[in-house]
Amino acid sequence: MAHAGTQPRIGGVLAELLRDGRDRYNARFIEARRYKSKIDAAGFSDVLTTTIAPIVEAVNKVDSSKTAGCFDALYDLSLELLGQELLGPRARCAELELGWQSLFPVLAPWIAAEPRKVAGSLSNALYNLAQTPGARADAWMNSLARMGKKVTDADGLLRAGEVAAWLAGMAHFRNDALKTLEQFSAANAELACGLLELPGADSSSLTRVLGRMRENPWITPLQARDGSGLSSSKLKIVKRIGAFKGFGGAFLAPPCVSHEHGQFVVGDGYDTWVLSADVFGATLLKYAAGKCIPRRHATHGAGGNLRLNTGSGTFPEFKSVLSAADDGQTLAVTVATSHTICLLAAAG
Amino acid sequence: MTKRLPETNAMSNTRNYQRVSQAPTNPRTTQPGRAFDVADLYRGPVSELEPAQDTGLPLDEKLRQAYFWIINHAIISPHYDIEYHEGPSQSFTFGDLKSKVTLPSGQSYSSFVLMPLLNFAVRKRCLLVGGPGRGKTASSILMGILGGYTVKEVKRAMQHGQPQMTISDLLGNPLPADLIAAQKMEDIRISWRKWLGMRIKIIDEYNRIPTRTQSALLTVMGDNYAEILNHIFECPEAAWFLTANDDGGGGTYQVIEALRDRIDIVVKALPFNSRFLKELLNRIEEGAKPEEMVPPQIIFTEAEIARMSQEVLGVQIPDAVRRRVEFFASQFEFCEPAAEQIEYKTKDTAKLSGLDFNQVTANDTGKDRLKDLGAQTKNGFSVRALMTVLTFSKALAYFRGNPNVELEDVRHVIPFVLHDKLQADPNAPFFEAAGNGIYRVDRVGWIRKLFDLSCAEFDRLDLDRTDPVGQLGEEFAEGLDGLKESEARARLVKIERILSEWSKGRKLYGNLYDDVLKLKYLHQRYTNYLRWLKYK
């Protein structure tokens, strides 16, 4: 592979590995380029020096016996991603490249243990986070960087990543993430506390915290620990989600919402989504089939009076409701004049 | 046994050399009423997150994947000379010689890739012949890599035939210090060549090995051991790949017949098709080396190769197919004027006499020499050749994912097994007949034609339904325990009656010769039994 004159030279451990496996690595580069025209030598050199080299150095410090195998896996993986323009100068997913450069060196022990599985899974996660409106990839990376020292194996890291993804705004993972946290609280309470950013909690209090969080999606871990905001007589808007497609949102027309099969289903007459939401974030994901049938909520009053369980409130903007639905903890309301779904809860 | 998969030329996304033919994945859709799967977080642009491992894929499937990878990426062999048809297929003729082009309606294969691969599976000895630069050595190297060796290991272990090659070059040397100091032979240690212990053995240009060294090679090939100064190296079971530019046994040195006879299968390297020059150009420009890109998923471990060989042997040969192979094999050995004793009336006897073969067979009058398939050859074929036919037929059926051998499998395998074994008699009237002159040149076509003619004759004689020798054989196979004297005598009479009927004006062709000998054998067995009964 030719190096551009202005590119930094490859040195250190990486240079040695490339030298020892020169024929093999060149052959694999040629093969990858043959089927993916987006791969070019300069771009790949850039990836090697700026992205892969720091990971390899970090792995080498952790366990030099694993360096070669790790580099082998990262080499192929990076070619795959470069071919899809997810790494390199033309990377269209900044979060993924940032993850490789800043997160992977920190997680060197786990990447060394199972390079393809860990690096590949984390790459996919970064990509999915980047594609999910409202998800916070940077928060996810920070969380994982902190948790890297608390997990006991690569699988533990990935499971921690699932929880961190929920906490970073992927609300549709809530149920599974809570289950994982419950398992962590029994086996590795420090990890569970770390994920929830709960200093000093122990296993028994964690059980209580998770139980409360399971009952009420609108309380934070700290509120769950302290028992604050668990119930209120006041209904308030806890989140707004959605916008007109022309402004970067999802909806072509003001959406309607219903509650079916245990989920909020949203439709704008052209497409249908499943809405998931809690205190950590909200997501709209495409729904397989069916139309959303608008339903007037039984507890609507006139003049924008809304009620949910013990909470109630008057909202002038909801004087004329297009659709409303609730799941017992959250009331979702839409109006004909807006492309936004309002979520209300009886929160403290 | 898994079903045969359709050939898939499409490779998914990136890393296509590392990706073997797979079914496409289905896009995931959310279903109403179902919770989201958090594992979706880790599904995305990177697939195959687990490292490539042996996932217990059936070995026949792995062998097919290896074939398609080689065909699609490694060896440019756009030939489908192993044709299978499922239903009608179109054919076209060209030119004055009416050259026929058939478009097979079933999945078909290139012999140049398939046969070495089958040889790899059954661990026999394959000779690749053809002009220089046609991919014989490259194909052999690929087989070595499929066997789990690195490119470096394969290339360094490959034995290159050359006129100065000595036995020591081939097998190894005694340690010089031991030679001087040893008081007895047992004290001499031998530095054996590494290739002797490999499961894939490659001999490049074997017909350039001096005759003396060929004898040493013969011991390794034939008996699987090497010997130097009374020290023995037992070689492991291996698949052999030999190359030669000239399959006639010429070259720098004539190949000794015993060594040639050890070759199980001969495969011709087919010429390069110039319409694929672009592919060559790409390889030149990119410096692409397919042997460096073999996906780990199609590399076989030692245990897998051993298991695969066993599985191949487990493929069944139905009686109907076996009978046709028997009938075919019986056509060629018989030579009526060669001896007086029936058992000696063989081409082997004629050959051993040292007389000119045509002079001997000139006395063979009365038979239709055009119809007699045996008249086309100067020899029959050996037990070893027959066993190889059966083994490779099983291997081909195994490769195609079938639990039973089909007649087509045998038909495709036979020409490659008998290529060097069946010697054509170019003076035979068959070759003089209109349109048959081409078979003097095309040995593969000729052997296939022989088999087709044999099967046609088998059908004409309705031997599937009318096979008195077969019936008597089955009767005998039930055993003699408890067989009454009267029954044994009745069987003797039956045999004698058949022989009497046949002897009335019937010409003795090869297949009949084998049947006559079988009847004599059965007669003798019952006779001995009756004597034993009397004694008892």
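Convention: sequence-line order gives letters A, B, ...; per-chain numbering from 1. We use all heavy atoms of the structure for the numbers below, so side chains are in, but hydrogens, waters and symmetry mates are not.
- Within a 6.0 Å sphere centred on CD of Glu302(B), heavy atoms belonging to other residues, nucleotides or ligands number 12 at most.
- The CZ atom of Arg24(A) lies 9.5 Å from the NZ atom of Lys152(B); values are rounded to the nearest 0.5 Å.
- To the nearest 0.5 Å, atoms CD1 (Ile30(A)) and CD (Glu292(B)) are separated by 10.0 Å.
- Residue pairs meeting the side chain to side chain donor-acceptor pair (under 3.5 Å) criterion with at least one member in residues 136-146 of chain B, sequence neighbours excluded, are Lys136(B)-Asn245(B), Thr137(B)-Asp204(B).
- Taking 4.5 Å as the limit, some side-chain heavy atom of Val46(B) sits within range of a side-chain heavy atom of Arg116(A).
- Note that CG of Asn128(A) is 10.5 Å distant from OH of Tyr42(B), once rounded to the nearest 0.5 Å.
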Taking distance alone, no hydrogens or angles, what donor-acceptor pairs closer than 3.5 Å link side-chain atoms of residues 156-168 of chain A to residues at least two apart or in another chain?
from	atom 1	to	atom 2	distance (Å)
Arg159(A)	NH2	Gln183(A)	OE1	2.1
Trp166(A)	NE1	Asp278(A)	OD2	2.7

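- Ranking Ala125(A), Ser276(A), Pro115(A) against chain B, the residue ahead of the rest is Ala125(A), based on heavy-atom pairs under 4.5 Å.
- Between Leu81(A) and Pro45(B), the shortest heavy-atom distance links the atoms CD2-CB, 4.4 Å.
- Note that CG of Asp176(A) and CG of Leu41(B) are 11.0 Å apart. Values are rounded to the nearest 0.5 Å.
- Atom CZ of Arg22(A) sits in a sparse spot, with 12 or fewer heavy atoms from other residues, nucleotides or ligands closer than 6.0 Å.
- For the pair Met293(B) and Ala27(A), the tightest heavy-atom approach, listed with the atom from each and the gap, is CE-O, 3.4 Å.
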